[in-house]
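Taking it in order: structure first as structure tokens, then the write-up.
Just so you know, these numbers use all the heavy atoms, side chains as well, and skip hydrogens, waters and symmetry mates. Chain naming here is simple, since letters A, B, ... match the order of the sequence lines and numbering starts at 1 in each.
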Amino acid sequence: MGAWVPVVIGVLYATGFYLMMRRSIVRMIMGLVLLSHGTNLLIFVSGGLRDVVPIIEVGARAPSRPTADPLAQAMILTAIVISFAVLAFALVLAYRSYENIGSDDVDELRAEEP
Amino acid sequence: MRFLTVLPIALPMATAIVCLFLREHARAQRIACAAGATLHLSVAVTLLCRVHAKGIQVVQAGSWPAPHGISFVADLFSAIMVVLTGIIGLAVALYSVRSIDNARVSLGYYPLLQVLLMGVSGAFLTGDIFNMYVWFEVLLISSFVLLSLGGGKAQIEGAIKYVVLNLISSAFFVAAVAVLYGLTGTLNLADLSRVAESRALEGSLTLPAILFMFAFGIKAAIFPLYFWLPASYHTPPPAVAALFAGLLTKVGVYALVRVFTLVFVHDVGVTHGILLVSAMVTMVLGVLGAAAGRDVRRILSFHIISQVGYMVLGLALYTPLALAGTVFYIAHHILVKANLFLVGGLIQRAGGSYDLKRLGGLSSSHPWLAALFLIPALSLAGLPPLSGFYAKLTLLAAGLQSGEYLAVAVALVVGLLTLYSMIKIWQEAFWKPVPADAAAVTPGVTVHRVLPVAALALMTVLIGVCVGPLYALSREAGDQLMDRRAYVIAVLGEGR
Amino acid sequence: MSPLILRTASDLLRPLLLLFSIFLLLRGHQEPGGGFVGGLIAACAYVLHAIAYDVAGARRALSIDPKTLTGTGLAVALSSALLSVTLGKDLMTGVWGKAELPFFGPLELGTPMIFDVGVYLVVMGTVLTVFLELRGD
């Protein structure tokens, strides 16, 4: 299953960056979502891909076979929780700015620019 | 008393909890926050004394031995940064007493302020790269909310730019951690430093190094990644702006220094070479932006960028003297910059506007304000005998020592331009007669606002007058940063 | 329009969801589950109520300000981390105690469990704060 993962990461990053270059704030946020998914997958790969779950059998002190790296999965969990909170905030901010300027076009964000 | 090492993280959290429970009582929150900030500062000073007397302090969270658990490490650099956090936290808490309105307080201003201080202290004290990411997110999320809290159109717009750029930076930070973990199989900074020595990794560490440089470069606002800063830092109330200007970009600089002195030092020609070029361009472009500005806060925002260039310059030179210069510069800069933003708030109070065109005559109407502005302004420009002079002098000496004459020349010219832009504010806001379209003035320059400003100005003068102790401390911190072996032994124990 | 089906379902589901969330919380130390997911499900119980009825109704059903939940959770988590310090160990070191209960047999209680309770309360409080504020506009 290893071969397709880098491709998926690449596609996620590419679409993420493409969306972030759009002028719509909502698309920008979606781009961020894809970017963080790509990053999570990258962490997943960095822990090594194995089909065995990192669970130690009852009574054993160590897993009997080589397993996937649990630390990488713990990191992904942390990263997911954090990006969940941050994206919720970003959406609220986008909503507020929509209320303020009546559009979600970044070109309208010019009140304070010289 | 090993607990002392993590107390600067636990204390703001406790204060935040207290403020959260007191959310209906604005007055009680103000007192609790100021008291918590005072305690935080005293704990930080105690920690610094202890690190200075007894060497690097290490705590293994959950008693898991390093490198399996998360280590908290306080070396001199970390401890100095935590003390500076304490100082700025206290100054901002005092300045907020009158300047932050009850509406913002009821939306949770004080708990957020303390959570921000917790995140900053955590980022300074952690000895684990992924844990550093978590602290970065803690401080970022609270800074997002502080930046957009109770704001109008301009503030929301600034917040969007700030949030998006910082989220990109975070994504790169995690990606860099992932690549580094895949290569080395460890996250503990000391262990990373040890593993990075091995020949098998030669060359392959440059990729994560560049990724980290990109991620931290956005947060530190170095060229070419600084565009978000002048677009957002001038929008929030002065207390918040001072906190951001003083502390947040410096967290990025801290992370750069930490990673590029402890882990990525095997390809100095490439990594530190890029940093050197970037530092020089950052200095020049930042100060040019400041020289062109017409708004007090925008000028000050651009100055942050050019000053960050100086700090990164010290890191790029990568000698003990240069790193000492960086530490000294950060210490000086945090005090002066936060001070200038608070003075900016006072100027707005006294003159009714931030726009230089609409300001004038403040030197005759508010002579004490002129003095309070002049001290940090001249210090920032690097005039003797203020703190900035010695900070720049150390870096210039380090530059000459390493034979980087171009960088020295750039630093000198930038210093001159900094002086020019400060004189511009002086000329326009203080000396010029009051313009015809001057804004209406709301009286309210109270002792709560002036006290922290005056205290910070006094510190700048004190550092300048008795420069010895801080300089000696910076030299020690610089030597400690160069001595990776001592850090590794302190965290992992002998025999590694 | 009165969403009768949703309201009935919400009334029936809320106690079940709360019970399930506590089940997940308690199970979480050794098996899949834990404070985070438990807190999310507990928050869902009230989010469902707010959608079926209204925000004011959900606040009444909750009968405690979600911000207080967050504060309590933070305090619980912090004190569980600090308990080991008072015993002279490093921060967050697990401290375990055993108790013999009359019907259930031996029960092991430790600071990681208390920390999870803190996480549960923080997640529940934060999610509800955000959701109820947004719906309340």
Side-chain angles (χ1 to χ4, degrees), chain A residues 9 12-13 16-17 20-21 25 28-29 31-49 69 71-72 74-76 78-102 104 106-114, chain B residues 68 129-131 133-138 140-145 147-148 151-168 170-187 208 211 227 230-235 289 292-295 297-298:
Chain A
I9 295 175
L12 281 171
Y13 269 95
F17 278 118
M20 281 169 75
M21 285 169 202
I25 295 172
M28 226 151 72
I29 292 172
L32 281 172
V33 175
L34 292 183
L35 207 61
S36 65
H37 286 348
T39 308
N40 290 342
L41 213 51
L42 186 65
I43 305 178
F44 189 61
V45 177
S46 76
L49 292 172
D69 184 352
L71 185 60
M75 285 199 282
I76 296 175
T78 314
I80 288 177
V81 169
I82 289 174
S83 57
F84 163 73
V86 169
L87 288 168
F89 177 77
L91 282 173
V92 173
L93 203 59
Y95 178 68
R96 285 273 154 181
S97 86
Y98 175 75
E99 277 186 336
N100 265 315
I101 60 179
D104 81 334
V106 280
D107 279 2
E108 307 281 327
L109 302 181
R110 297 219 167 238
E112 285 291 311
E113 291 293 316
Chain B
H68 304 293
I129 191 77
F130 190 78
N131 194 236
Y133 162 73
V134 175
W135 289 120
F136 263 78
E137 293 303 306
V138 168
L140 274 182
I141 293 179
S142 45
S143 76
F144 292 166
V145 185
L147 191 61
S148 48
K153 195 172 165 184
Q155 221 178 319
I156 299 273
E157 290 184 16
I160 286 183
K161 293 164 191 159
Y162 177 80
V163 168
V164 170
L165 257 296
N166 273 294
L167 289 186
I168 296 174
S170 297
F172 273 91
F173 190 171
V174 190
V177 170
V179 174
L180 191 61
Y181 180 66
L183 285 172
T184 62
T186 182
L187 295 168
L211 280 173
F227 300 98
S232 60
Y233 268 26
H234 61 294
T235 54
R294 298 292 312 172
D295 178 295
R297 289 183 300 177
R298 287 185 76 89

Which bit of [X] is near chain B, if near means a heavy-atom gap under 4.5 Å: side chain, backbone, both or neither?
| X | value |
| --- | --- |
| A:M75 | both |
| A:D69 | side chain |
| A:L93 | both |

Option in [options] with maximal non-hydrogen atom pairs under 4.5 Å from chain A:
| options | answer |
| --- | --- |
| B:V145, B:V138, B:V164, B:V177 | B:V145 |
| B:A178, B:A159, B:G182 | B:A178 |
| B:V163, B:I156, B:L180 | B:I156 |

Relative to chain A, which segment of [X] carries a heavy atom at a distance below 4.5 Å: side chain, backbone, both, or neither?
| X | result |
| --- | --- |
| B:I141 | side chain |
| B:F130 | side chain |
| B:I168 | both |
| B:V174 | both |

Closest non-hydrogen contact found for B:A171 with A:T39 is O-CG2, 3.6 Å
Return the minimal non-hydrogen interatomic distance between A:S46 and B:Y181, and the atom names on each side.
OG-CD2, 3.8 Å
What class does the angle between the rings of B:F172 and A:F17 fall in, given that below 30° is parallel, 30 to 60° is tilted and above 60° is perpendicular?
tilted
For chain B, which of A:L87, A:L71, A:L35 has the most heavy-atom pairs under 4.5 Å?
A:L71
Distance, nearest 0.5 Å, that separates CE of A:M28 from CG of B:L167:
9.5 Å
